[in-house]
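Here is the structure we will look at.
Bear in mind the structure is a predicted one, so any value in this text is a computation, not a measurement. All chains are named by letter (A, B, ...) in the order of the sequence lines, taking the proteins before the strands, and each is independently numbered beginning at 1.
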Amino acid sequence: MIKQKEIVLPRFRRGYHLIDYIIEEELKGFLPETGLLHIFIKHTSAAITLNENADPSVRVDFETIMNQLVPEGQNVYTHTTEGDDDMPAHIKASLIGSSITIPITNGSLNKGMWQGIYLCEFRNFGSSRKLVLTVYS
Amino acid sequence: MIKQKEIVLPRFRRGYHLIDYIIEEELKGFLPETGLLHIFIKHTSAAITLNENADPSVRVDFETIMNQLVPEGQNVYTHTTEGDDDMPAHIKASLIGSSITIPITNGSLNKGMWQGIYLCEFRNFGSSRKLVLTVYS
Amino acid sequence: MIKQKEIVLPRFRRGYHLIDYIIEEELKGFLPETGLLHIFIKHTSAAITLNENADPSVRVDFETIMNQLVPEGQNVYTHTTEGDDDMPAHIKASLIGSSITIPITNGSLNKGMWQGIYLCEFRNFGSSRKLVLTVYS
């Protein structure tokens, strides 16, 4: 059995944001006993990942290190019309990925204790991001 | 219900290539109303991702920046027998990933407007790459 | 139909390790004719990927290059209380990813000839890592 819904996130500023509270609210009464949840982001300059959910300094360092990995404003870029943050955002989106899949066990997301769902917003002024949530059972 | 098919892509030169037209042709009459499509590449020096489908300069910059991230010919490499492009190709393959999963909604791939399916060919002279397409509904 | 099991891996030292033999043992009698296998790691400083399964030098170079990409001990890190290897481990975990999905065809994992399942242990002294295996058919 498949259930699916498309949601629009509130706008987030550039950076790494825990969105578990949004996903869990959207999935209320939606989760089967056993299955998989697929979270898909319909954008090419933002991404979805799982990472540490306790210490906000982890999300700060994500911003620093991802910018170090894919620096803005290098003169090697040819795709520059949408601003210095645009092409690095595309690269980061493919490095991190556009979807995650999480097991569902006993009616709950079976993540590790420290795993939170991150929205990674790579643009300075990103739009409201759309997600598709698909649940399999 | 599951449907699955294995396909062989035409040979692509090193770089980033939109293959939506191939995937869509292979999926004609194959897509359910609601579900998920899993695209898997059976190789360790090529990858599959979703990224910007409009401006070819994005794919040019992908080649530049991924080579900057994982430079060829550094003397730290020990796996060198298959050429300077081989070990960086393996690293890139795991950074980008060997599969993507895309939601199917109303009988179509529910990607964002700007999301195209990229074959990432990391070898100078890669073989014809094999994909496994699996559709769940 | 869905089948799911949670397993605990033996402790691995920091580095990249083939774990096909463990996964295959756990999946004995578990695989359908056609389907998908989802392997999920419940941690934020280790990852799962597919890569070259033949030459151990590939796994050596993975360690070298991933450390080059995300160096330890830089003074830009703010999340430092758990040691120099901790924050880089988080970044690497999101670059590589917390799960892989592999097609099942004719009752077997339909990987490429050279694709092995890697546990990527990014910590100097990681714990026993937990995986959730989910099989769809």
Checking heavy atoms, do the side chain of [X], its backbone, both or neither come under 4.5 Å from chain B?
| X | value |
| --- | --- |
| A:Ile2 | side chain |
| A:Ile96 | neither |
| A:Phe40 | side chain |

Please output the side-chain donor-acceptor pairs of residues 26-37 of chain A that fall under 3.5 Å, not counting sequence neighbours, one pair per line with the distance.
from: A:Glu26; atom 1: OE1; to: A:Lys5; atom 2: NZ; distance (Å): 3.0
from: A:Lys28; atom 1: NZ; to: A:Glu25; atom 2: OE1; distance (Å): 3.1

On a heavy-atom basis, the closest approach of B:Asp61 and A:Ile91 is O-CD1, 4.2 Å
Taking only residues two or more places apart in sequence or in another chain, which ones pass side chain to side chain donor-acceptor pair (under 3.5 Å) with A:Asn51?
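A:Asn51: side chain to side chain donor-acceptor pair (under 3.5 Å) contacts with C:His90, C:Ser94.
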Output, in order, the C-alpha distance, side-chain angles, deciding distance and verdict of side-chain hydrogen bond (donor to acceptor under 3.5 Å, both in side chains) for B:Thr105 and A:Glu6.
CA-CA 10 Å; B:Thr105 310; A:Glu6 190 162 331; 5.4 Å; no
May I ask you to decide if B:Val58's main-chain N or O and A:Tyr77's side chain share a donor-acceptor pair within less than 3.5 Å?
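Not at all, since once roles are kept as given, no pair shorter than 3.5 Å links the two residues.
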Approximate separation, where rounding is to 0.5 Å, of [X] [atom1] and [Y] [atom2]:
| X | Y | atom1 | atom2 | answer |
| --- | --- | --- | --- | --- |
| B:His38 | A:His38 | NE2 | NE2 | 9.0 Å |
| A:Thr78 | B:Asp55 | OG1 | CG | 7.5 Å |
| A:Ser99 | B:Ile100 | OG | CD1 | 8.0 Å |

Measure distances from B:Ile104 to the heavy atoms of chain A and classify the residue's part below 4.5 Å as side chain, backbone, both or neither.
backbone
Region of B:Met66 in contact with chain A, defined by heavy-atom distances below 4.5 Å
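It is the side chain, since no backbone atom gets that close.
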Determine, stepwise, if the pair B:Leu50 / A:Thr44 fulfils side-chain contact (heavy atoms from CB on, under 4.5 Å).
CA-CA 7 Å; B:Leu50 288 166; A:Thr44 62; 5.9 Å; no
If you check every heavy atom in residues 110-135 of chain A against those of chain B, which residues fall under 4.5 Å?
A:Val132, A:Thr134
Applying a criterion of heavy atom separation less than 4.5 Å, what residues of residues 79-89 of chain A form contacts with chain B?
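A:His79, A:Met87 fall under the 4.5 Å cut-off.
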